[in-house]
Amino acid sequence: MSKKVLSRFFYERPTLEVAKELLGKLLVRMWDGKRISGIIIETEAYIGEDDPACHASVGKTPRNCIMYGQAGFAYVYFIYGMYFCLNVVTERYGFPAAVLIRALEPVEGIEWMKKWRNKDKLSELTSGPGKLTQALFITKELNGVDLCDANGILFIEEFDSKIGKDFIATPRIGIDKGKDKLWRFCCRNNPFVSTL
DNA sequence: TATTGGATCGCC
DNA sequence: GCGATCCAATAG
């Protein structure tokens, strides 16, 4: 079952390429020796200080400084008083960019997801950025962890290369600025996307 | 030090 | 449609 963990090189590339190619990969969260995982089926790109929707549009701050660091690390932040969002840092050191993981298709540890989400319906477990962090128990404690560490508690593996091929690009969700950019990518006809 | 609003979700 | 709920960023 163990597959290849994505290397640093995968993330050290243009953010739009990373965002598209993350579709179909497997996000794995280790908890108490168990694997809790899902296929990434929806992502969004946030690129540089010139992107008005990117947290780095205000410059480097204590919150967003992870985005300015090396690619392949997790940027987790708290939002709306109750939820977390998971991003993966991309591009070169010093350039702030990341990909937001917006939705997963549950694969392993589904019983734990149901417990932590307090929901039974499969389509309610990971069909949104706040939902999937709750389902995989991803909190601010995981901000800054190295996703390239195969022995770590959060990483991304190769999965099924066919799944991410058929995708559509749309404007990003839940933001006012930067609506002209089609920087949200989701697998076509997948029931686990956050919004149609 | 005070105020404001957010890359959301779930219930009304 | 709107309230929950709190932290980061900005204004003063």
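In what follows, chains are A, B, ... by sequence order, proteins preceding strands, each numbered from 1.
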Which residue lies more 5' along DNA chain B, comparing A:Ile175 with A:Lys119 via nearest heavy atoms: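 Nearest nucleotide further toward 5': that of A:Ile175.
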Residues clustered with A:Ile168, ILVMFWY side-chain links under 4.5 angstrom: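 Its cluster mates, by chain and number: none.
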Nonpolar side-chain network containing A:Leu100, other nodes, edges under 4.5 Å: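 Cluster partners of A:Leu100: A:Tyr46, A:Ile175.
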Nucleic acid contacts of residues 122-138 of chain A, taken as heavy-atom distances under 4.0 Å to DNA chain B: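 A:Glu124, A:Gly128, A:Pro129, A:Gly130, A:Lys131 - these, ordered by number, are the residues of the stretch whose heavy atoms sit under 4.0 Å from the strand.
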Under a 4.0 Å threshold between the charged nitrogen and the carboxylate oxygen, would [Y] count as salt-bridged to [X]?
X: A:Arg35; Y: A:Glu108; answer: yes
X: A:Arg102; Y: A:Glu42; answer: yes
X: A:Lys4; Y: A:Glu158; answer: no

Rounded distance in Å between the P positions of C:dT5 and B:dA2: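 23 Å, rounded to whole Å.
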Intra- and inter-strand pairs of DNA chain C in dot-bracket (Watson-Crick or G-U wobble, both distances under 3.5 Å; | for another strand): ||||.||||||.
Residues which pass ring-ring contact (aromatic ring centres under 6.0 Å, His included) with A:Trp112, listed by chain and number, not counting sequence neighbours: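 Per chain and number, A:Trp112 pairs via ring-ring contact (aromatic ring centres under 6.0 Å, His included) with A:Trp31, A:Trp116.
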Counterpart residues, ring-ring contact (aromatic ring centres under 6.0 Å, His included), relative to A:Phe73 (two or more places apart):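 Partners of A:Phe73 by the ring-ring contact (aromatic ring centres under 6.0 Å, His included) criterion come out as none, since no residue qualifies.
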Pairs involving residues 125-134 of chain A, ordered by first then second residue, that meet salt bridge (charged side-chain N to carboxylate O under 4.0 Å, His left out) (sequence neighbours left out):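 For residues 125-134 of chain A: A:Glu124-A:Lys131.
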Contacts under 3.5 Å, N or O only, protein and nucleotides 2-9 of chain C:
unit_1, atom_1, unit_2, atom_2, d
C:dT5, O2, A:Tyr80, O, 2.6
C:dA9, OP1, A:Thr61, OG1, 2.4

Pair listing, side-chain hydrogen bond (donor to acceptor under 3.5 Å, both in side chains) test, anchored in residues 85-98 of chain A, at least two apart: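 For residues 85-98 of chain A: A:Thr15-A:Thr90, A:Thr15-A:Glu91.
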Any residue meeting salt bridge (Lys or Arg N to Asp or Glu O under 4.0 Å) with A:Lys162, in chain and number order, not counting sequence neighbours: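 Partners of A:Lys162 under the salt bridge (Lys or Arg N to Asp or Glu O under 4.0 Å) test: A:Asp160.
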With sequence neighbours excluded, residues passing side chain to side chain contact (heavy atoms under 4.5 Å, CB included) with A:Lys114: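 Counting only residues at least two positions away or on another chain, A:Lys114 forms a side chain to side chain contact (heavy atoms under 4.5 Å, CB included) with A:Ile110, A:Glu111, A:Asp120, A:Leu125.
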Extract from the structure each pairing of a protein N or O with an N or O of nucleotides 1-4 of chain B at less than 3.5 Å, listing the distance.
none

Distance below 4.0 Å between A:Arg184 side-chain N/O and B:dA7 OP1 or OP2: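 For B:dA7, neither OP1 nor OP2 has a side-chain N or O of A:Arg184 closer than 4.0 Å.
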Short side-chain N/O contact to B:dC9 OP1/OP2 from A:Arg117, under 4.0 Å: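 No, A:Arg117 has no side-chain N/O under 4.0 Å of OP1/OP2 on B:dC9.
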